[in-house]
Amino acid sequence: MIQTLPPPPPAIEAPAPDRSEATTGDLRVAAALTDAQVHVDSGFQGASIVLYGAVFNPTDDPADVVVVVRGPEAPVRLVKKTRNMGVWLNSRPVLFEGAPGFYMTASTRPLSDIADFGQLRRLGVGVDHLRIDAPEESRTVTRYGVRDVVVSRLGEDYLDWRRAVIRLKEAAQLYATAPEGVQFVDRGLFRAEVDLPTVAPTGKYYAEVWLFQGGEPRSVSNLTLTVEKVGLERDIYEFAHRRPWLYGLLCVVLAALTGYGASRIFSRRS
C-alpha cells in the first residue's frame with residue numbers, strides 16, 4: 001500500500017537578480033552567469049551556460065554550495081494504459097498544474113549529505129521536494145475517524161503519477177540532478193554548468209545559489225536567465241498568440257494550397 005504524503009510547500013520565489021543575502025556575519029555567497037540571455041532560432045541545438053561565484057567564509061568550518069535552476073511553469077497532461085476486458089485503453093487524463101518546465105540541481109555533494117529531509121523540503125531543493133500541484137478535482141472521505149478529509153481524486157496513486165511526471169521530464173533532459181556538479185576551482189571560487197536541451201521552454205528562469213554550513217542555509221544569491229525566440233520563429237510565435245484565429249485560418253489556407261498544388265503536379269505526370 002502506497003503511503004500518500006502531502007505535497008511539499010511552494011518553492012521560494014527568487015527576488016531581484018544579482019542580489020546576495022547573508023544570514024550570519026560575513027558568511028555569504030555571490031554568483032553570476034556567463035550569459036543571462038539565450039536566443040532560440042531554427043538552428044538552436046541547446047546551450048551550456050557557466051554559473052560561477054565565490055564563497056566568503058571567515059570561519060574554518062567547511063561550506064557546501066547548491067545551485068537550483070527553475071524554468072517557467074507549464075501544465076503536464078498524462079494518461080495511463082489500463083487493461084479493460086482484454087483491451088488496452090487510455091485512462092482518464094490527469095492534468096498537473098504548476099510543474100517547472102525545466103529544473104536542475106547541482107551541488108558540491110549529494111543533497112542528503114548537505115541538509116536533512118525537512119530542510120530540503122522547506123526550501124523546495126531537489127526533485128524529491130519539488131512542488132507539483134495535483135489536479136484540482138478532489139473529494140471528501142473519512143479517514144482514521146476524521147470526517148470530511150479532502151483528498152485528490154488520484155488518492156494513493158498520487159505519488160505514482162508525480163513520479164511519472166518527473167520521469168518524463170528527466171527523459172527529455174528537462175530535469176537533471178548533478179550531486180557533484182559544483183566544483184571549487186580555487187579557494188572559495190566555484191563553477192557549475194547549466195545545460196539547456198533543444199526542447200528547453202522559452203521564458204524566464206530563476207537560479208538560486210544556496211550556501212549551506214552545518215546543514216543550515218547561511219546565504220543565498222538569486223539570478224535570472226531569459227530564454228527567448230529570435231528571428232522568424234519569434235515573429236511567427238507572437239503572431240500565433242496575438243491573432244490565433246487569423247493564424248489558424250492562414251494555416252488552413254496554406255494547407256489547402258499545398259494540397260491543390262501537389263494534386264496538379266501529380267495529375268500532369270500521370
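Every heavy atom of this structure was used, including side-chain atoms; hydrogens, water molecules and symmetry mates were not. For clarity, every value in this text was computed on a predicted model and none was experimentally measured.
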* Over 12 foreign heavy atoms within 6.0 Å of CD, Q213 -> yes
In one Ile/Leu/Val/Met/Phe/Trp/Tyr side-chain cluster, 4.5 Å: [X], [Y]:
| X | Y | answer |
| --- | --- | --- |
| V199 | V165 | yes |
| L189 | L33 | no |
| V50 | L196 | no |

* Asked: Strictly under 6.0 Å, is that where the ring centroids of Y205 and F102 end up?
  -> yes
Non-hydrogen atoms of [X] and [Y] that approach each other most closely:
| X | Y | answer |
| --- | --- | --- |
| A54 | F190 | N-CE2, 3.4 Å |
| A63 | L211 | CB-CD1, 3.6 Å |
| I49 | D35 | CG2-O, 3.6 Å |

Tell me whether [X] contacts the main-chain N or O of [Y] through its side chain, where contact means a donor paired with an acceptor under 3.5 Å.
| X | Y | answer |
| --- | --- | --- |
| Q173 | E170 | no |
| Y175 | P100 | yes |
| S107 | P179 | yes |

* Would you say the side chain of P201 lies within less than 4.5 Å of the side chain of E73, judging by non-hydrogen atoms? -> no
* Is it true that E216 and R218 have a side-chain N and a carboxylate O under 4.0 angstrom from each other? -> no
